[in-house]
Amino acid sequence: MCVNNEFNLTKIKKENIPLDIIFEDSEILIINKPSNFVVHLGYGNISGTLLNALIFHYKSNSSLPRAGIVHRLDKNTSGLLVVAKTILAYNYLIGLFKNRKIIKEYDAIVVGRIGRNGSINYPIKRNIYRRTIMTIGSGGKKAITHYKVITRFKNYTYVRVQIKTGRMHQIRVHFSSIAHPIFGDSTYSKGIRYNSLGYSKKTCIFLCRFSRPSLHSRMLSFVHPVTDELKTWITSPPLDMVHLLTLLYCEDMV
């Protein structure tokens with residue numbers, strides 16, 4: 001359903017929320033979203049969102065469907081988002097996403113040691129008992145996740161992930177399905193929060209206090225809607241993930 005049918009953007013509160021703009025031209029914005037930041041309005045989230053910030057900083061976006069937002073990241077997933085600034089760019093980007101012509105790459109730290117690169121190809125559907133979360137199962141929509149092992153630690157694995165589909169919570173659901181949930185993901189962790197075996201007290205405290213899925217949208221790549229150039233943007237993980245990775249690297253060197 002079009003959000004403009006749910007919310008009249010002219011009546012939504014415009015909020016001066018700072019945005020980390022990686023790239024901007026007349027057609028698109030590339031935004032580096034922090035964690036703990038909701039992308040879109042929803043029932044219960046009518047302020048403090050990316051949408052509220054967009055219609056403050058870019059008044060013309062109030063006339064676009066969804067204020068130019070063409071895809072989302074979960075509230076606690078950090079990283080790159082593309083936003084349209086014109087109706088031409090909006091329709092073009094919607095088409096790219098529909099036809100899977102936008103490359104999206106993520107960094108993640110998962111629980112347990114993954115032996116090798118691989119793919120996860122399980123359909124995803126809404127959980128019939130908890131409608132706000134997703135699950136795998138027959139009757140779901142096709143979902144494909146590819147991953148490459150970057151580093152194996154004692155009890156964790158640092159992976160780089162590409163998704164060929166964009167289902168809600170896809171990466172989190174898929175890694176949970178192979179018994180390697182995203183570290184810090186209390187929703188899909190199957191009761192596993194962290195594994196402290198063999199780690200120092202300092203690292204154990206940090207692991208225990210890490211309170212979001214360690215998932216970061218590191219790269220977007222697609223052909224620009226006007227110039228026809230292939231454009232690619234990459235951003236490093238935020239400080240909390242960098243700190244986590246640093247501790248895990250140091251523990252493995254001991």
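Since this is a predicted model, take the numbers as computed values, not measurements.
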Review point. Is the backbone of Asp74 close enough, under 3.5 Å, to the side chain of Lys33 for a donor and an acceptor to pair up by distance?
Key: yes
Point to revise | From CD1 (Ile136) to OG (Ser177), nearest 0.5 Å | key: 4.5 Å
Point to revise | Check against ring pair (Phe, Tyr, Trp, His ring centres under 6.0 Å), His180 and Phe175 | key: CA-CA 5 Å; His180 292 289; Phe175 276 95; 7.9 Å; no
Exercise for review: Kindly compute the distance separating OG1 (Thr77) from CD1 (Ile182), expressed to the nearest 0.5 Å.
Suggested key: 8.5 Å
Review point. Closest approach of Arg66 and His40, non-hydrogen atoms and distance?
Key: CB-NE2, 3.6 Å
**Study point:** Closest contact, heavy atoms only, Glu24 versus Ile21
**Key:** CB-CG2, 4.0 Å
Review point. So do the side chains of Phe56 and Leu51 get within less than 4.5 Å of each other, counting heavy atoms only?
Key: no
Point to revise | Leu80 reachable from Ile94 in the ILVMFWY side-chain graph, under 4.5 Å edges | key: yes
Review point. At what distance, to the nearest 0.5 angstrom, does CD1 of Ile163 lie from CD of Glu105?
Key: 11.0 Å
Review point. With a 4.5 Å heavy-atom cut-off, do Leu88 and Val226 have their side chains touching?
Key: yes
Check your understanding: If only atom types and distance count, is the side chain of Asn52 paired as donor or acceptor with the main-chain N or O of Lys13 below 3.5 Å?
Key -> yes
**Study point:** Ala67 to Val83 - nearest heavy-atom pair and separation
**Key:** O-CG1, 4.1 Å
Exercise for review: Please examine the side chains of Ile31 and Phe23, heavy atoms only from C-beta on, and report whether any two atoms are closer than 4.5 Å.
Suggested key: no
Revision key, fill the gap. Exactly one of Lys231, Lys85, His224 clears side chain to side chain donor-acceptor pair (under 3.5 Å) with Asp25, and that residue is His224
Review point. Applying the 4.5 Å side-chain criterion to the ILVMFWY set and letting contacts propagate, would Phe97 and Ile87 be lumped into a single cluster?
Key: yes
Practice item. Could you tell me whether the side chain of Ser78 reaches within less than 4.5 Å of the side chain of Pro238, counting heavy atoms only? Key: yes
Exercise for review: State whether a side-chain donor-acceptor pair under 3.5 Å links Thr151 with Tyr249.
Suggested key: yes
Check your understanding: Below 4.5 Å, heavy atoms only, C-beta onward: do Ile114 and Tyr147 meet side chain to side chain?
Key -> yes
Practice item. Please examine the side chains of Ile171 and Leu215, heavy atoms only from C-beta on, and report whether any two atoms are closer than 4.5 Å. Key: yes
Review point. For the rings on Tyr106 and His216, is their centre-to-centre separation under 6.0 Å?
Key: no
**Study point:** Main-chain N/O of Phe153 paired with Arg113 side-chain donor or acceptor, under 3.5 Å
**Key:** yes
Exercise for review: Is it possible for you to say whether Ile103 and Val161 belong to one hydrophobic cluster, with membership spreading through side-chain heavy-atom contacts below 4.5 Å?
Suggested key: no
Practice item. Check for a donor-acceptor pair, side chain of Lys101 on one end and backbone N or O of Phe222 on the other, with a separation under 3.5 Å. Key: no
Point to revise | Salt bridge flag under 4.0 Å for residues Asp240 and Arg212 | key: yes
**Study point:** Side-chain (Tyr188) to main-chain (Met134) donor-acceptor, under 3.5 angstrom
**Key:** yes
Point to revise | Phe37 and Ile17: CA distance, side-chain angles, deciding distance, side chain to side chain contact (heavy atoms under 4.5 Å, CB included) verdict | key: CA-CA 10 Å; Phe37 188 29; Ile17 301 169; 4.1 Å; yes
Check your understanding: For the residue pair Arg167 and Ala143, what are the closest heavy atoms and their distance?
Key -> CG-CB, 3.8 Å
Check your understanding: Passes side chain to side chain contact (heavy atoms under 4.5 Å, CB included), Thr135 versus Lys125? Steps please.
Key -> CA-CA 6 Å; Thr135 188; Lys125 62 182 180 180; 4.0 Å; yes
Review point. Is there a path from Met241 to Ile205 through hydrophobic residues (I, L, V, M, F, W, Y) whose side chains come within less than 4.5 Å of each other?
Key: no
Exercise for review: Please determine which of Asn32, Ile22, Val82 meets the side chain to side chain contact (heavy atoms under 4.5 Å, CB included) test together with Trp233.
Suggested key: Ile22
Exercise for review: Give a yes or no on whether the backbone of Pro213 and the side-chain of Asp185 come within a donor-acceptor separation of less than 3.5 Å.
Suggested key: no
Review point. Sub-3.5 Å donor-acceptor pair from the side chain of Ser214 to the main-chain atoms of Phe183, do we have one?
Key: yes
Point to revise | Non-hydrogen side-chain atoms of Ile120 and Ile144 separated by less than 4.5 Å | key: no
Point to revise | Residue pair Thr203 / Ser200, side-chain donor-acceptor N/O under 3.5 Å | key: yes
Check your understanding: Counting N and O atoms only, with roles assigned by atom type, does the side chain of Ser119 sit under 3.5 Å from a partner on the main chain of His146, one being a donor and the other an acceptor?
Key -> no
Practice item. Check whether the side chains of Tyr158 and Asp107 place a donor and an acceptor atom closer than 3.5 Å, and report yes or no. Key: yes
**Study point:** Distance (rounded to the nearest 0.5 Å) between Leu93 CG and Glu27 CD
**Key:** 9.5 Å
Review point. Phe206 vs His243 aromatic rings, parallel, tilted or perpendicular, using cut-offs 30° and 60°?
Key: tilted
Point to revise | For the student: nearest non-hydrogen atoms of Thr86 and Leu64, plus distance | key: C-CD2, 3.7 Å
**Study point:** Spacing of Leu19 atom CG and His57 atom NE2 [to the nearest 0.5 Å]
**Key:** 4.5 Å
Point to revise | Trace of the side chain to side chain contact (heavy atoms under 4.5 Å, CB included) decision for Thr49 with Val39 | key: CA-CA 5 Å; Thr49 73; Val39 171; over 6 Å; no
Exercise for review: Supply the atom-to-atom distance His174 NE2 to Asn121 CG, rounded to the nearest 0.5 angstrom.
Suggested key: 7.0 Å
**Study point:** Pairwise side-chain contact, Lys148 with Gln162, heavy-atom cut-off 4.5 Å (strictly under)
**Key:** no
Check your understanding: Do the side chains of Val242 and Ile109 join up, straight or via other hydrophobic residues, at under 4.5 Å, putting them in one cluster?
Key -> no
Check your understanding: What do you reckon, is CG of Leu239 surrounded by more than 12 foreign heavy atoms closer than 6.0 Å?
Key -> no
Exercise for review: Mark yes or no for whether Ser176, through its side chain, and Val173, through its backbone, hold a donor-acceptor pair below 3.5 Å.
Suggested key: no
Study note, to complete from the structure: Nearest heavy-atom approach of Gly68 to Asn61 is CA-ND2, 4.1 Å
Point to revise | Flag for Gln170-Tyr122: side-chain donor and acceptor within less than 3.5 Å | key: no
Review point. Does the pair Lys141 and Thr165 meet the rule for a side chain to side chain contact (heavy atoms under 4.5 Å, CB included), with working shown?
Key: CA-CA 9 Å; Lys141 293 182 178 180; Thr165 51; over 6 Å; no
